Student: 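After the structure tokens below, expect a handful of questions from me.
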Amino acid sequence: MIVEPKVREYICTTAHPAGCEENVREQIAYVKAQGPKAGPKKVLVIGASTGYGLASRITAAFGCQAATLGIMFERPASGKRTATAGWYNTAAFEKFATQDGLYAKSINGDAFSAEVKKQAIDIIRRDLGQVDLVVYSLAAPRRSADGVTYSSTLKTVGSPFTEKSIDLRTNEIVTKSVEPATDKEIEGTIKVMGGEDWEDWIKVLQKAGVLAENAKTVAYSYIGPELTYPIYTHGTIGQAKNHLQKTAEKMNQELNGVTAVVSVNKALVTQASSAIPIVPLYLSILYKIMKEQGSHEDCIRQMDRLFRTKLLENPMPVDQEGRIRMDDWELDEKVQAEVMKVWAMMSTENLKEVSDIDGYWEDFYKMFGFRFEQVDYSQDVDVDVRIPSLE
Ligand code: NAD
């Protein structure tokens, strides 16, 4: 069938299989062009199908020649409905990995569940013996634990927050108000996006004997500029990220033979970040300024730099709190001073001129496999793509 994008504000409900394959192919080509890097050989990536997790998996596999087991929560095609982008990305990843003689298996299911953890342990034990790196890159709306379903919320804590934002349906600048979360919403966000499940994973892997001695585990966080503190760092999601950091410290104290670290990454267009109020407008300004200053990176460039210059170093270059800072270029004073200048003068009329709103949308469509020059979108494609390891 002919697949077209169907965009509903911050989500696209269709995905193009050939475009997603092209997206993965380009990320692989970037990593290969940087040359091989000694590193982990057996890697588990939790949240491996899109965004930072997919880029981590590609870097581990095609940069370090690692065998990878990837976990994701994606939907296959059914009838006239395409699969999700993460499904097609994973099919493409496995295809390219196999072509290069790299082991690649995937599990499609709820990473928070005991069943998926058990499935992962069984596969690691059978095929790999042990893993030496675990990347935790989940961005999930909810989590069921002990018979309760917790939801993650993107709200402020304490007082409401009103700022400029972009209406993604019309590309107009609007004023957006975000209400403070209830205690229950804060608790829910911490349960879903905090460190509890990360720690569960590491403990069950270790207990099962499938985590190598001196293995590393990394989870991803965000801080951003003061402008977005009320909605991010001081908001519900920021509380969860604090918990993630505390979990890393706790694991380092309590678990022998494993090093846990949080990497604070740059703000980028992903399915998770597009949904955060105010952030897409910030992103479109940030993109323009970082591109002009020559420091813009996408997911694959961030993850390739993480693996090449920080995560695998001994000792790891970390800040006072023990975190890897991949947001160093984003938070550079030269970048942020410009962002604030543009933010103050930004209006619907000058949006295209002072921001990279086109770059924002370019990345957005590409996430779902659209707008790749190499793909002929007028051609029929088979949307029912199989993921070899799930057969
Ligand atoms: P994303 O939406 O692109 O990826 C989320 C991944 O999690 C996907 O692979 C998805 O399949 C998987 N997933 C979701 N729920 C699942 C479940 N229940 N079971 C198994 N898999 C599940 O998101 P992203 O932006 O790459 O975010 C990954 C991490 O990076 C998050 O912790 C996020 O906070 C962090 N981060 C993102 C940014 C950014 O700007 N995008 C910046 C810094 C840090």
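Indexing begins at 1, ligand by ligand and atom by atom, following the structure's order. What's counted below: heavy atoms across the whole structure, side chains too, no hydrogens, waters or symmetry copies. All of these numbers come straight from a predicted model, not from anything done at the bench.
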Student: Taking side chain as C-beta onward, heavy atoms only, is R301 less than 4.5 Å from Y30?
Tutor: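 Yes, at least one pair of side-chain atoms sits under 4.5 Å.
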Student: For Y222 and Y232, I'd like to know if the aromatic rings sit close, meaning centre-to-centre distance below 6.0 Å.
Tutor: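 Yes, the ring centres sit under 6.0 Å apart.
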Student: Checking side-chain polar atoms at under 3.5 Å, does H243 have a donor or acceptor matched by the opposite partner on K250?
Tutor: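 There is no such pair (donor and acceptor under 3.5 Å, judged by atom type) between the side chains of H243 and K250.
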Student: Under the salt bridge (charged side-chain N to carboxylate O under 4.0 Å, His left out) criterion, do E163 and K176 qualify, and how do the steps go?
Tutor: CA-CA 6 Å; E163 247 311 342; K176 176 103 188 158; over 6 Å; no
Student: Looking at ligand 1, would K241 count as a contact under a 4.0 Å heavy-atom criterion?
Tutor: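 In this structure, K241 qualifies as a contact of ligand 1 - some heavy atom is under 4.0 Å.
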Student: Please lay out, stage by stage, how N23 and Q27 fare under the test side chain to side chain donor-acceptor pair (under 3.5 Å).
Tutor: CA-CA 6 Å; N23 186 2; Q27 293 194 46; 3.2 Å; yes
Student: Under the side chain to side chain donor-acceptor pair (under 3.5 Å) rule, what do R57 and T68 come out as? Steps first, then yes or no, please.
Tutor: CA-CA 7 Å; R57 187 179 195 185; T68 58; 3.1 Å; yes
Student: What is the nearest protein non-hydrogen atom to atom 11 (O) of ligand 1, stated with its residue, atom name and distance?
Tutor: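 Closest protein heavy atom to atom 11 (O) of ligand 1: E74 OE2, 2.8 Å.
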Student: Taking only heavy atoms of F112, which atoms of ligand 1 are found under 4.0 Å from at least one of them?
Tutor: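 Result: 18 (N).
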Student: Ignoring hydrogens and geometry beyond distance, is a side-chain donor-acceptor pair present between W87 and N108 at under 3.5 Å?
Tutor: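 No pair is found: no donor N or O on one side chain lies under 3.5 Å from an acceptor on the other.
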Student: Give the contacting part of C299 toward ligand 1: side chain, backbone, both or neither, where contact means a heavy-atom distance below 4.0 Å.
Tutor: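 Answer for C299: neither.
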Student: NZ of K352: more than 12 outside heavy atoms within 6.0 angstrom?
Tutor: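 It does not: K352 NZ has 12 such atoms or fewer within range.
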Student: Under a 4.0 angstrom heavy-atom cut-off, which atoms of ligand 1 come close to G51?
Tutor: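 Heavy-atom distances to G51 below 4.0 Å select 3 (O), 26 (O).
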Student: Number the atoms of ligand 1 from 1 as they appear, then name those within less than 4.0 Å of a heavy atom of A267, with their elements.
Tutor: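 With A267 as reference, the close atoms of ligand 1 come out as 40 (O).
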Student: Starting from atom 24 (P) of ligand 1, locate the nearest protein heavy atom and write down its residue, its atom name and how far away it is, to 0.1 Å.
Tutor: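 Nearest protein contact, heavy atoms only, for atom 24 (P) of ligand 1 is T270 OG1, 3.8 Å.
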Student: Which option, Y52, Y222, F73, owns the non-hydrogen atom nearest atom 37 (C) of ligand 1?
Tutor: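 That would be Y52.
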Student: Can you name the atoms of ligand 1, numbered from 1 with element, that are less than 4.0 Å from a heavy atom of A48?
Tutor: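 Ligand 1 atoms under the 4.0 Å threshold to A48: 9 (O).
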Student: Is the closest basic N to carboxylate O distance between E94 and K105 below 4.0 Å?
Tutor: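 No, E94 and K105 are not salt-bridged.
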Student: Report yes if some N/O of A140 lies less than 3.5 Å from some N/O of ligand 1; otherwise report no.
Tutor: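 By distance alone, the answer is no.
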Student: Pick, from T84, L138, V269, the option with the minimum heavy-atom distance to atom 31 (C) of ligand 1.
Tutor: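 It is L138 that holds the nearest heavy atom.
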Student: Do any N/O atoms on A111 end up under 3.5 angstrom from N/O atoms on ligand 1?
Tutor: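 Yes, since at least one N or O of A111 sits under 3.5 Å from an N or O of ligand 1.
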Student: Heavy-atom contacts under 4.0 Å between P141 and ligand 1: side chain, backbone, both, or neither?
Tutor: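 No part of P141 is near ligand 1 at this cut-off.
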Student: How far is atom 12 (C) of ligand 1 from its nearest protein heavy atom, and which residue and atom is that?
Tutor: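 Checked against all protein heavy atoms, atom 12 (C) of ligand 1 sits closest to G47 CA, 3.8 Å.
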Student: Can you check whether D110 has an N/O within less than 3.5 Å of an N/O in ligand 1?
Tutor: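 Yes; at least one N/O pair falls below 3.5 Å.
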Student: For ligand 1, which atoms, with element, lie under 4.0 Å from some heavy atom of S49?
Tutor: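 Those qualifying, in numeric order: 8 (C), 9 (O), 10 (C), 11 (O).
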Student: Select one of side chain, backbone, both or neither to describe which atoms of T50 lie under 4.0 Å from any atom of ligand 1, heavy atoms only.
Tutor: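 For T50, the contact with ligand 1 is made by both the backbone and the side chain.
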Student: Which heavy atom in P17 sits nearest to a heavy atom in V383, and how many Å separate them?
Tutor: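 Heavy atoms of P17 and V383 come nearest at CG-CA, 4.2 Å.
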Student: Could you walk me through whether E22 and K366 pass salt bridge (charged side-chain N to carboxylate O under 4.0 Å, His left out), step by step?
Tutor: CA-CA 9 Å; E22 179 58 22; K366 284 191 162 167; over 6 Å; no
Student: Using heavy-atom distances, let me know which of G109, G53, S137 sits nearest atom 29 (C) of ligand 1.
Tutor: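 Residue with the shortest heavy-atom distance to the ligand atom: S137.
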Student: Starting from atom 30 (O) of ligand 1, locate the nearest protein heavy atom and write down its residue, its atom name and how far away it is, to 0.1 Å.
Tutor: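 Checked against all protein heavy atoms, atom 30 (O) of ligand 1 sits closest to Y220 CB, 3.4 Å.
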Student: Has K310 got more than 12 heavy atoms of other residues, nucleotides or ligands less than 6.0 Å from its NZ?
Tutor: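 Check passes, neighbour count above 12.
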Student: Determine whether any heavy atom of K266 lies closer than 4.0 Å to an atom of ligand 1.
Tutor: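 Heavy atoms of K266 do come under 4.0 Å of ligand 1.
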Student: Measure centre to centre between the rings of Y377 and H16, then say whether the value is under 6.0 Å.
Tutor: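 Between Y377 and H16, the centre distance is under 6.0 Å.
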Student: Just which atoms of ligand 1 are under 4.0 Å from any heavy atom in A272?
Tutor: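 The list of qualifying atoms is 2 (O), 23 (O), 25 (O).
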Student: Just which atoms of ligand 1 are under 4.0 Å from any heavy atom in L268?
Tutor: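 Once the distances to L268 are compared, the set is 39 (C), 40 (O), 41 (N).
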Student: From the options A139, G224, A240, select the one whose nearest heavy atom is closest to atom 14 (C) of ligand 1.
Tutor: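 Result: the heavy atom closest to atom 14 (C) of ligand 1 is in A139.
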Student: How far is atom 44 (C) of ligand 1 from the closest protein heavy atom, and which atom is that?
Tutor: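 Its nearest protein heavy-atom neighbour is S221 O, 3.1 Å.
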Student: Less than 3.5 Å apart, any donor N or O on the side chain of S49 or E74 sitting next to an acceptor on the other?
Tutor: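 Yes, because at least one side-chain N or O of S49 sits under 3.5 Å from a partner of the opposite role on E74.
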